[in-house]
Engineer: 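Pasting a structure below so you can have a look.
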Amino acid sequence: MATALVIQNDPTDDLRRLGDWLAEAGLEVTVLRPFAGDPLPETLDGFLALIVLGGDQSAYPDAAGSPGAPWFPALEGLLRKAVRHRVPTLGICLGGQLLASAHGGLVERSTNGPEIGPGLVGKRDAADTDPLFKWVPLLPDVVQWHRDEITELPLNAVLLAASSRYPHQAFRIGDRAWGVQFHIECDAEMFADWTRIGATELDELGYDAEVVAAAVAAVLADVEEVWQPFAVRFASLALGTLPDADIPDTGTGRTLPLLGQ
């Protein structure tokens, strides 16, 4: 049976709830863990979709020019092939940053500081015709944990969601690849583990780890209400059963509406 290929970049960030939602929607997954030595395939032949998860690494090279992880160049190559061959793709947090970087976007350490805990993002007008985002509410609940941000989207990207401090919260490249800056996969246990691992960073930022973990746990039901149907639609897209998967072609011309219309 054909499956979705999942790239897990970090042992602390697995599919968790997203995996359950995809399975319930009928999409099986094959998980590769390159940090544990799993080699990446050269192509996506035989896979229905590509999902790239988050991690503690940076999507950009260090000062010496070394990639954030040894497998990132090959992973970015896969992301380019996914877009070129219209393989349904979802990049989450670091995965979204790698999707942007692979297509000429710019990822940097954010000058606005880390974004950690529950939050809201706002949909942009382009989301109204997007196969996945058009059913997302105007101000969906999300969970955040990132220090880096996409400061410049790829030229061919469509912005789908933004926030005041981090304007590039969700985007699409082509008609089958999406990147999100936030986390939709984590559960309360995963986020609590993150607060323990990042206890020193949280303390330096003035966060109370227990309070942040409790705040995330309190909002997870609202997160699920939004992003479980989103995951189901992604699975349906991968399985070829999404009835409204095509994006309307509005043409290249742009016109301004008449006043009063």
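Numbers here simply count residues along the sequence, with the first being 1.
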Engineer: As a quick check of understanding, evaluate side-chain hydrogen bond (donor to acceptor under 3.5 Å, both in side chains) for Trp194 and Asp13, giving each step before the final call.
Structural biologist: CA-CA 9 Å; Trp194 293 351; Asp13 191 0; 5.5 Å; no
Engineer: Would you indicate whether the side-chain heavy atoms of Pro114 and Leu205 approach each other to under 4.5 Å?
Structural biologist: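 Yes, close enough: below the 4.5 Å cut-off.
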Engineer: Given Val212 and Ile116, is the side-chain contact (heavy atoms from CB on, under 4.5 Å) satisfied, shown in steps?
Structural biologist: CA-CA 8 Å; Val212 175; Ile116 298 172; 4.1 Å; yes
Engineer: Do Arg172 and Ile247 come close enough that some side-chain heavy atom pair is under 4.5 Å?
Structural biologist: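 Yes, their side chains come closer than 4.5 Å.
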Engineer: Leu53 vs Val6, test: side-chain contact (heavy atoms from CB on, under 4.5 Å). Steps then yes/no.
Structural biologist: CA-CA 7 Å; Leu53 298 174; Val6 177; 3.9 Å; yes
Engineer: For residues Thr43 and His85, determine if any side-chain heavy atom of one lies less than 4.5 Å from a side-chain heavy atom of the other.
Structural biologist: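 A side-chain contact under 4.5 Å is absent here.
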Engineer: May I ask you to test the Val31-Asp14 pair for a side-chain heavy-atom distance under 4.5 Å?
Structural biologist: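 Result no, sub-4.5 Å side-chain heavy-atom pair not found.
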Engineer: Step through it carefully: locate the ring centre of Phe182, locate the ring centre of Trp145, and say whether they are under 6.0 Å apart.
Structural biologist: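 No, ring centres 6.0 Å or more apart.
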Engineer: Under 4.0 Å between a side-chain nitrogen and a carboxylate oxygen: does that hold for Arg109 and Asp148?
Structural biologist: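 Salt bridge between Arg109 and Asp148, a charged N being under 4.0 Å from a carboxylate O: yes.
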Engineer: Let me confirm one number: the OG1-CD1 distance from Thr89 to Ile173, rounded to the nearest 0.5 Å.
Structural biologist: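 Result: 9.5 Å between the selected atoms.
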Engineer: How long is the straight-line distance from NE2 of His103 back to CG of Leu98, given to the nearest 0.5 Å?
Structural biologist: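 One finds 11.5 Å between CG of Leu98 and NE2 of His103.
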Engineer: Using 0.5 Å steps for rounding, measure from the OG1 atom of Thr3 to the CD atom of Glu28.
Structural biologist: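 It comes to 8.0 Å.
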Engineer: State, yes or no, whether a side-chain contact exists between Ser163 and Gln169 at a heavy-atom distance under 4.5 Å.
Structural biologist: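 Yes - at least one pair of side-chain heavy atoms lies under 4.5 Å apart.
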Engineer: Between the side chains of Arg233 and Asp244, is the shortest nitrogen-to-carboxylate-oxygen separation below 4.0 Å, so that they form an ion pair?
Structural biologist: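 Yes, Asp244 and Arg233 are salt-bridged.
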Engineer: Between Phe171 and Ala157, what is the shortest heavy-atom contact and its length?
Structural biologist: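 Distance-wise, the nearest heavy atoms are CD1-CB, 4.1 Å.
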Engineer: Hey, are the side chains of Asp141 and Leu120 touching, using non-hydrogen atoms and a 4.5 Å cut-off?
Structural biologist: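 Yes, their side chains come closer than 4.5 Å.
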Engineer: Check this for me: does any side-chain nitrogen of one of Arg176 and Asp246 sit under 4.0 Å from a carboxylate oxygen of the other?
Structural biologist: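 Looking at Asp246 together with Arg176, the answer is yes, because their closest N to O distance falls below 4.0 Å.
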Engineer: Got Phe230 and Leu90 here, is their nearest side-chain heavy-atom distance under 4.5 Å?
Structural biologist: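 Yes, close enough: below the 4.5 Å cut-off.
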Engineer: Provide the closest heavy-atom pair for Gly179 versus Leu99 in the form atom of the first, atom of the second, distance.
Structural biologist: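 Heavy-atom minimum between the residues: N-CD2, 3.8 Å.
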Engineer: Indicate the atoms forming the closest heavy-atom contact of Glu149 with Asn112, along with that distance.
Structural biologist: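 Looking at all heavy atoms of both residues, the shortest contact is OE2-ND2, 4.1 Å.
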Engineer: Ring centroids only, cut at 6.0 angstrom: are His183 and Trp227 within range, meaning strictly under it?
Structural biologist: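 No, they do not, as the ring centres are separated by 6.0 Å or more.
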Engineer: Within a strict 4.5 Å, meaning less than it, do heavy atoms of the Ile184 and Val142 side chains meet?
Structural biologist: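 No, side chains not in contact.
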Engineer: Are Asp38 and Arg33 ion-paired here, with the side-chain N under 4.0 Å from a carboxylate O?
Structural biologist: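 Here Asp38 does not pair with Arg33 in a salt bridge, since their nearest N and O are not under 4.0 Å apart.
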Engineer: Assess whether side-chain contact (heavy atoms from CB on, under 4.5 Å) is satisfied between Val223 and Arg17, documenting all intermediate values.
Structural biologist: CA-CA 11 Å; Val223 172; Arg17 295 200 307 171; 3.7 Å; yes
Engineer: Could you walk me through whether Ile150 and Tyr166 pass side-chain contact (heavy atoms from CB on, under 4.5 Å), step by step?
Structural biologist: CA-CA 8 Å; Ile150 303 166; Tyr166 303 91; over 6 Å; no
